[in-house]
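None of the values given here were measured: they were computed from a predicted structure.
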Protein chains: 2
Amino acid sequence: MVKRTSLEGDACPIARALDVIGDWWSLLIVRDAFLGARRFGEFQKKLGLAKNILSARLRALIDRGILATAPASDGSAYHEYVLTPKGRGLFTVLVALRQWSEQFDDRPDEIGTLLVDRSKGKPVRPLALHSQDGRQLAADDTTLKPRPSARNVRRAPA
Amino acid sequence: MVKRTSLEGDACPIARALDVIGDWWSLLIVRDAFLGARRFGEFQKKLGLAKNILSARLRALIDRGILATAPASDGSAYHEYVLTPKGRGLFTVLVALRQWSEQFDDRPDEIGTLLVDRSKGKPVRPLALHSQDGRQLAADDTTLKPRPSARNVRRAPA
DNA sequence: GGCAATCGGTTTAATAATGCAACCACATGG
DNA sequence: CCATGTGGTTGCATTATTAAACCGATTGCC
């Protein structure tokens, strides 16, 4: 059996994330969910993808706990797809991707929208990584440390 | 011709980003580049992907300006793959994915590593989105605004 | 109530991407 | 030089993606 390799059991949290939302369409579906899409046809029209694929992706996103189905808010017999807390947690990922494009895209003039603070209408700040004491960190200022396995950890004295 | 749909011309910066790094392996290659991988065989061994695919991905990442080739730093006749500034710009995206897994993964105990501030050894802060005046913003506190097309924009008075 | 259109999919068949293994040229080490 | 390692390419089988046709249930409309 020569399947597409799964990263599900990988110890790297990035690989684990990509195993869930790392395919071609999933993040775009989540993006449109953030923009208010809720119904099957709404996603299909906005994304322009084949219905069978949308169907498969929605199912996968539900399985993974990113979307959930809910009764239609307009009272019809159909149902809607809504973001779970886990799905809403992807907002930062989407913003990071957006800001990366804004900063490095070769044709930035083709980018049509700007993410702004709703109350003031002003662009948001670029995401930045900080240490616990508030210093801004670049990639080189960080390392990976083996995670203390939750079990076998006796509360450290103070 | 029934090709995999390209998002290259899309006006959405997220779609444009995914067009470049939205496939199964690219971000993992970039991740390993951040972790110090430089040589073909190094990537292949760490990722465990087929060589032809690695070859194609590396080529694509170079075409898109995320990696570049450089003469081998150890003096051998082979060459190395190094991150460009555009590639290093993906650090925030990787961190966002990592933190999403850390927060929402169903089996967080399987995550093997922790991203820490190198100088203090302490975990970094979660990424958070802020307005220009420093307020922390949730998804609902933001909107998309049509971007002023660079041309036709007369400098706004003050 | 009847009927057409819409919604939310599934099925089918073609094309593209992925994965594995075999192969190959060049570099390097001894 | 000869054996091995590096960095790929090529061929073939398998899987994923796609467009298009189809289909039942729901809805809008008269």
Side-chain angles (χ1 to χ4, degrees), chain A residues 1-10 15 18-29 32-33 36-64 67-82, chain B residues 1-10 15 18-29 32-33 36-64 67-82:
Chain A
M1 201 161 49
V2 188
K3 270 187 121 148
R4 181 203 197 112
T5 53
S6 164
L7 304 163
E8 201 180 350
D10 201 296
L18 290 175
D19 186 66
V20 182
I21 47 91
D23 74 275
W24 204 246
W25 291 111
S26 293
L27 268 184
L28 293 173
I29 292 171
D32 282 353
R38 295 169 162 276
R39 298 276 287 259
F40 185 94
E42 220 173 336
F43 287 106
Q44 207 242 322
K45 208 167 68 174
K46 291 180 96 168
L47 290 168
L49 83 173
K51 298 204 282 180
N52 51 351
I53 300 198
L54 176 57
S55 180
R57 286 292 164 274
L58 289 173
R59 217 174 347 229
L61 289 171
I62 290 171
D63 284 350
R64 313 304 199 114
L67 292 179
T69 53
S73 52
D74 61 357
S76 82
Y78 301 116
H79 65 274
E80 300 183 336
Y81 299 93
V82 298
Chain B
M1 200 161 49
V2 189
K3 272 185 116 146
R4 179 205 198 107
T5 56
S6 164
L7 304 163
E8 203 181 348
D10 201 296
L18 290 176
D19 187 66
V20 181
I21 45 91
D23 75 275
W24 203 245
W25 290 109
S26 293
L27 267 184
L28 293 173
I29 292 171
D32 281 354
R38 296 169 160 275
R39 299 277 286 260
F40 186 93
E42 221 173 335
F43 286 106
Q44 207 241 322
K45 207 168 65 176
K46 290 180 97 167
L47 290 168
L49 83 173
K51 297 204 285 180
N52 53 349
I53 300 194
L54 176 57
S55 181
R57 286 291 163 272
L58 289 172
R59 220 177 344 234
L61 289 171
I62 289 170
D63 284 350
R64 313 302 200 116
L67 292 177
T69 53
S73 52
D74 61 358
S76 81
Y78 301 114
H79 65 274
E80 300 183 338
Y81 299 92
V82 297

- Can you list the residues that meet the side-chain hydrogen bond (donor to acceptor under 3.5 Å, both in side chains) rule with T69(B), with sequence neighbours excluded? none
- Task: Check whether any side-chain heavy atom of L58(A) lies under 4.5 Å from a side-chain heavy atom of I29(A), and answer yes or no.
- Result: yes
- Message: To the nearest 0.5 Å, what is the distance between CG on L54(B) and CZ on R59(B)?
- Response: 10.0 Å
Please list, for nucleotides 9-11 of chain C, all pairs of protein and nucleotide N/O atoms separated by less than 3.5 Å.
from	atom 1	to	atom 2	distance (Å)
dG9(C)	OP2	Y81(A)	OH	2.5
dG9(C)	N7	K51(A)	NZ	2.7
dG9(C)	O6	K51(A)	NZ	2.5
dT10(C)	OP1	R59(A)	NH1	3.3
dT10(C)	OP2	S55(A)	OG	2.5

- Task: Report the residues that fulfil salt bridge (charged side-chain N to carboxylate O under 4.0 Å, His left out) with D10(B), sequence neighbours left out, ordered by chain and then residue number.
- Result: none
- Query: Tell me: CG of L54(B) to C1' of dA17(C), nearest whole Å?
  - Reply: 16 Å
- Query: Quick one: salt bridge (charged side-chain N to carboxylate O under 4.0 Å, His left out) partners of D32(A), sequence neighbours excluded?
  - Reply: none
- For the atom pair CG (L27(B)) and CG (L18(B)), what is the distance rounded to the nearest 0.5 Å? 9.0 Å
- Quickly work out the L47(A) CG to dA19(D) C1' distance and round it to whole Å. 16 Å
- Provide, to the nearest angstrom, the distance between the CG atom belonging to L49(B) and the P atom belonging to dA17(C). 16 Å
- Message: Counting C-beta onward and ignoring hydrogens, is there a side-chain heavy-atom pair between H79(B) and P71(B) closer than 4.5 Å?
- Response: no
- Task: Could you check if a side-chain atom of E80(B) sits within less than 4.5 angstrom of a side-chain atom of S73(B), using non-hydrogen atoms only?
- Result: yes
- Could you tell me the separation between the CG atom of D74(A) and the C1' atom of dT27(D), rounded to a whole number of Å? 11 Å
- Message: Would you compute the distance between atom CD1 of I62(A) and atom OH of Y81(A) and round it to the nearest 0.5 angstrom?
- Response: 5.5 Å
- Considering just the side-chain nitrogens and oxygens of W24(A), establish if one lies under 4.0 Å of OP1 or OP2 belonging to dA16(C). no
- Grab the CZ-P distance between R38(B) and dT6(D) for me, whole Å please. 17 Å
- Item | A60(A): partners by side chain to side chain contact (heavy atoms under 4.5 Å, CB included), with sequence neighbours left out | none
Anything under 3.5 Å between a donor and an acceptor, one on a side chain of residues 40-53 of chain B, the other on a protein residue two or more places apart or in another chain? List them.
from	atom 1	to	atom 2	distance (Å)
E42(B)	OE1	R38(B)	N	3.1
E42(B)	OE1	R39(B)	N	3.1
Q44(B)	NE2	L49(B)	O	3.2

- Item | Inter-end axis angle, the helix from dG1(C)-dC30(D) to dG30(C)-dC1(D), with every axis fitted to five base pairs (rounded, 10 degrees) | 30°
- Task: Give the rounded distance in Å between these two atoms: CD1 of I53(A) and P of dA16(C).
- Result: 14 Å
- Rounded to the nearest Å, what distance is computed from the CH2 atom of residue W25(A) to the C1' atom of nucleotide dA19(D)? 13 Å
Taking only N/O atoms, report every protein-nucleotides 28-30 of chain C pair under 3.5 Å with atom names and distance.
from	atom 1	to	atom 2	distance (Å)
dT28(C)	OP1	A77(B)	N	2.5

- Query: Are any of R39(B)'s side-chain N or O atoms less than 4.0 Å away from OP1 or OP2 of dT6(D)?
  - Reply: no
- Query: For D23(A) and dA17(C), what is the distance between atoms CG and P respectively, to the nearest whole Å?
  - Reply: 15 Å
